[in-house]
**Student:** 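One structure coming up, written as structure tokens, with questions to follow.
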2 protein chains.
Amino acid sequence: MDLNERSRNILRAVVVSYIERALPIGSQTVTKSFSFGLSPATIRNIMAELEDRGYLSQPHTSAGRIPTPKGYRLYVDELMEEDHPTLFDEEFLKENYLSTKREDPHALLLETTRMLSLLSHYAGVVLAPKISETRLDRLEFILLRKGHVLVLQVSKDGLVQHRIIDADPELTQKDLSRISAFLNEKFGGLNLDEIRLRLLQQMRAEKDQYDRLLQKAMELGRKALEEPPQEELYVIGTSNILNLPEFAENLEKMKALFKTFEEKAAILKLLNNSITTEGVQIFIGSENRMPGIEDCSLVVSSYRSGDRIVGTLGVIGPTRMEYDRVIPLVDHTAKLLSRLLDQD
Amino acid sequence: MDLNERSRNILRAVVVSYIERALPIGSQTVTKSFSFGLSPATIRNIMAELEDRGYLSQPHTSAGRIPTPKGYRLYVDELMEEDHPTLFDEEFLKENYLSTKREDPHALLLETTRMLSLLSHYAGVVLAPKISETRLDRLEFILLRKGHVLVLQVSKDGLVQHRIIDADPELTQKDLSRISAFLNEKFGGLNLDEIRLRLLQQMRAEKDQYDRLLQKAMELGRKALEEPPQEELYVIGTSNILNLPEFAENLEKMKALFKTFEEKAAILKLLNNSITTEGVQIFIGSENRMPGIEDCSLVVSSYRSGDRIVGTLGVIGPTRMEYDRVIPLVDHTAKLLSRLLDQD
DNA sequence: ATTTAGCACTCTGTTGTATAGAGTGCTAAT
DNA sequence: ATTAGCACTCTATACAACAGAGTGCTAAAT
């Protein structure tokens, strides 16, 4: 049932050629570009077999072959020689990326996205750490106007997020400061889910107590943490996609793709799914079931801060992506980002 | 030299028809769609004259006419009957926009952009108020780790921005709190430019004084305000542009346009230029000299918070934009936003 | 038992030609 | 001043012819 070595070589040749040329690959092209010591006729037989088995497809009877997602999958999993980032990419990152200021995680993540886009020539995406899953460093409340409170969350890794919530109009800034201090004391170092849980427990326990400020602290804390904070997704380089021939020819696909890019929800969902898995993951074309990007491939990797996975980053490009270059790039970038986030 | 009434009517007819149909307009179309009581031949004469004068152009000898930017300009300035937003737009905004929560200006601005895009069917843009030009309500410093300080700025209209700066590593949170209090006391209610100026003056004056904390306060204040804060531009609905026939047919223009959208710099510049002018401004096609959007028109209006102009918003669409619908829409939206920002 | 040369066949894309249609500009009549 | 009429121009479309790339199959060669 398995493909023999020769068939695999031919498949590799077709995939590599197609990635380079974006045109259906015929038996002649294969014989010319690679030296298998086989005639076109033989190649044709093998290609026909590969098509039967679902690794290649033909746009029409008398055309060359194009890899199917299954074909790319085999290539990526078993045939590709992927090892290190290219020397250029590695050097470039060392010179231009590692030197970015690390004090503001936002700036750092943005720069990471830019690097991914720049070096891959596709679109770079970075899903920012969800502040709710990081350990809390500080929680501050600042009174804006009566009844409106600015909540400032700072995580241990320096991630900052602010949000405005409604609150008891009787609270003064003094109350708020005391509440901040109290909550920081009590919950500093925990992650938000834990805090939320403890708050609820405690509120139940102390329901009947008379310490009104304590109650307000609990109430405010709960409110501050209850709504899921907006998820932050950086996307840079979508216009790179416009240069690819496969989309230039198919306006409909491009429309769908750009709508997806603009709405971000589908991409968020995909990246969120990948956050549980360690290392590089690859979604090839229709393997990912997201409408709009079913003609794209994604190469994503989770990254960490300290010993916890906190987010994912990656590259979105055509199924005809240069996997052997992009996969090590994404892997490497994820590691560099993890390192940058860790060194504090 | 001026166009007579009849020519102006014909020009209006051509512009209106072209906006609707996106195809060169011939003399027959004009006679059929409008009843001027003139034969096609007469229309032709007039159109030829309009072309001579630069209001219309012909893609080729035997085609109908297309308005030039000059033609659109005359239409917009003198021929168009623009008055109110459509009933639908007005109702829609009343129902869906005026009810948005106003406590978080960011959310509000985002919603505004969404509305502009939704109702115009083009791309909506909103340039957020520059916090440096708003009056300061609060300035808070929070120590992240040694030498890194989170600066939190809150403006009187509730605009919040945070930034991370390097600072004297010897400063403790206690120092920072005192500095915050001091600066708030001294400068609350002023705008950042004023504050910056006063700080410099004062620093010079008190150079030789021995109050070290005061000096540090000055120094920190200066640092916190020195770098221009990033400008915030919301853009929503770029993918609407993909549906327009003029761009679908011209891939190159579309590429340029989307690159411009992604980079945002050109749009920022344009909107910043418009911030000094009150009311609605219109840039038609090549009138705006920004590469990438020279085939687009912009309808923008400044908006205010209280009695000061703080930002601009608008719509980016094809030169063939439905000006009579979009201009009142932009105008109306700007006024609504101003009202929402004011009611505090 | 493979491999391959040879060949008929298929499909695309390009080129050239004819044609219909839309629209113009000009002239002469109203 | 307007317009009917007409010759002219240019585009878009359809169609045919054809070159080119590529295939699959068969029979010969290794």
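So you know, we letter chains A, B, ... as the sequences are listed, proteins then strands, and number each from 1. Being a predicted model, the structure only gives us computed values, none of them experimental.
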**Student:** Counting only side-chain N and O atoms of B:R65, is one of them less than 4.0 Å from OP1 or OP2 of C:dT24?
**Tutor:**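 Answer is yes, contact under 4.0 Å.
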**Student:** Checking side-chain hydrogen bond (donor to acceptor under 3.5 Å, both in side chains) for the pair A:S297/A:Y323: CA distance, chi angles, key distance, verdict?
**Tutor:** CA-CA 9 Å; A:S297 285; A:Y323 296 98; 2.6 Å; yes
**Student:** Heavy atoms, side chains only, cut-off 4.5 Å: are A:L93 and A:H332 in contact?
**Tutor:**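 The answer is yes, as the side chains (C-beta and beyond) meet within the 4.5 Å cut-off.
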**Student:** Taking CD from B:E51 and P from C:dT24, how many angstroms apart are they, rounded to a whole number?
**Tutor:**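 B:E51 atom CD is separated from C:dT24 atom P by 10 Å.
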**Student:** Need to verify one output field. Residue with the more 5' nearest nucleotide on DNA chain D, B:R6 or A:P24?
**Tutor:**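 It is B:R6, whose closest nucleotide lies nearer the 5' terminus.
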**Student:** Within the structure, does a side-chain N or O atom of B:T42 lie under 4.0 Å from either OP1 or OP2 of D:dT2?
**Tutor:**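 No, outside the criterion.
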**Student:** Can you identify which nucleotide, out of C:dG23, D:dT23, C:dT3, has its nearest atom closest to the B:S62 side chain?
**Tutor:**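 In terms of side-chain proximity for B:S62, the closest of C:dG23, D:dT23, C:dT3 is C:dG23.
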**Student:** Between B:E262 and B:K259, does any NZ, NE, NH1 or NH2 come within less than 4.0 Å of an OD or OE carboxylate oxygen?
**Tutor:**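 Judged by the 4.0 Å cut-off on N to carboxylate O distance, B:K259 and B:E262 do not form a salt bridge.
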**Student:** In whole Å, what is the span from the CG atom of A:N45 to the P atom of D:dT26?
**Tutor:**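 Between P of D:dT26 and CG of A:N45: 12 Å.
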**Student:** Let me know, please, whether A:A41 or B:A41 comes out on the 5' side of the other along DNA chain D by nearest nucleotide.
**Tutor:**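 Result of the comparison: B:A41.
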**Student:** A:N288 side chain to A:G285 main-chain N or O, any donor-acceptor pair under 3.5 Å?
**Tutor:**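 The answer is yes, because a donor-acceptor pair under 3.5 Å joins these two groups.
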**Student:** Within the pair B:S27 and C:dT24, is there a side-chain N or O less than 4.0 Å away from OP1 or OP2?
**Tutor:**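 For B:S27, the contact criterion (side-chain N or O under 4.0 Å from OP1 or OP2 of C:dT24) is met.
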**Student:** As a test of reading the structure: which of D:dT9, C:dA5, D:dT3 is closest to the side chain of B:L38, going by heavy atoms?
**Tutor:**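 Nearest nucleotide to the side chain: D:dT3.
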**Student:** Among C:dG25, D:dT3, D:dT23, which nucleotide has an atom closest to any side-chain atom of B:R44?
**Tutor:**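 Nearest to the side-chain atoms of B:R44, counting from C-beta on, is C:dG25.
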**Student:** Can you tell which of D:dA4, C:dT10, C:dT12 lies closest to the side chain of B:S39?
**Tutor:**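 Of all the options, the side chain of B:S39 is nearest to D:dA4.
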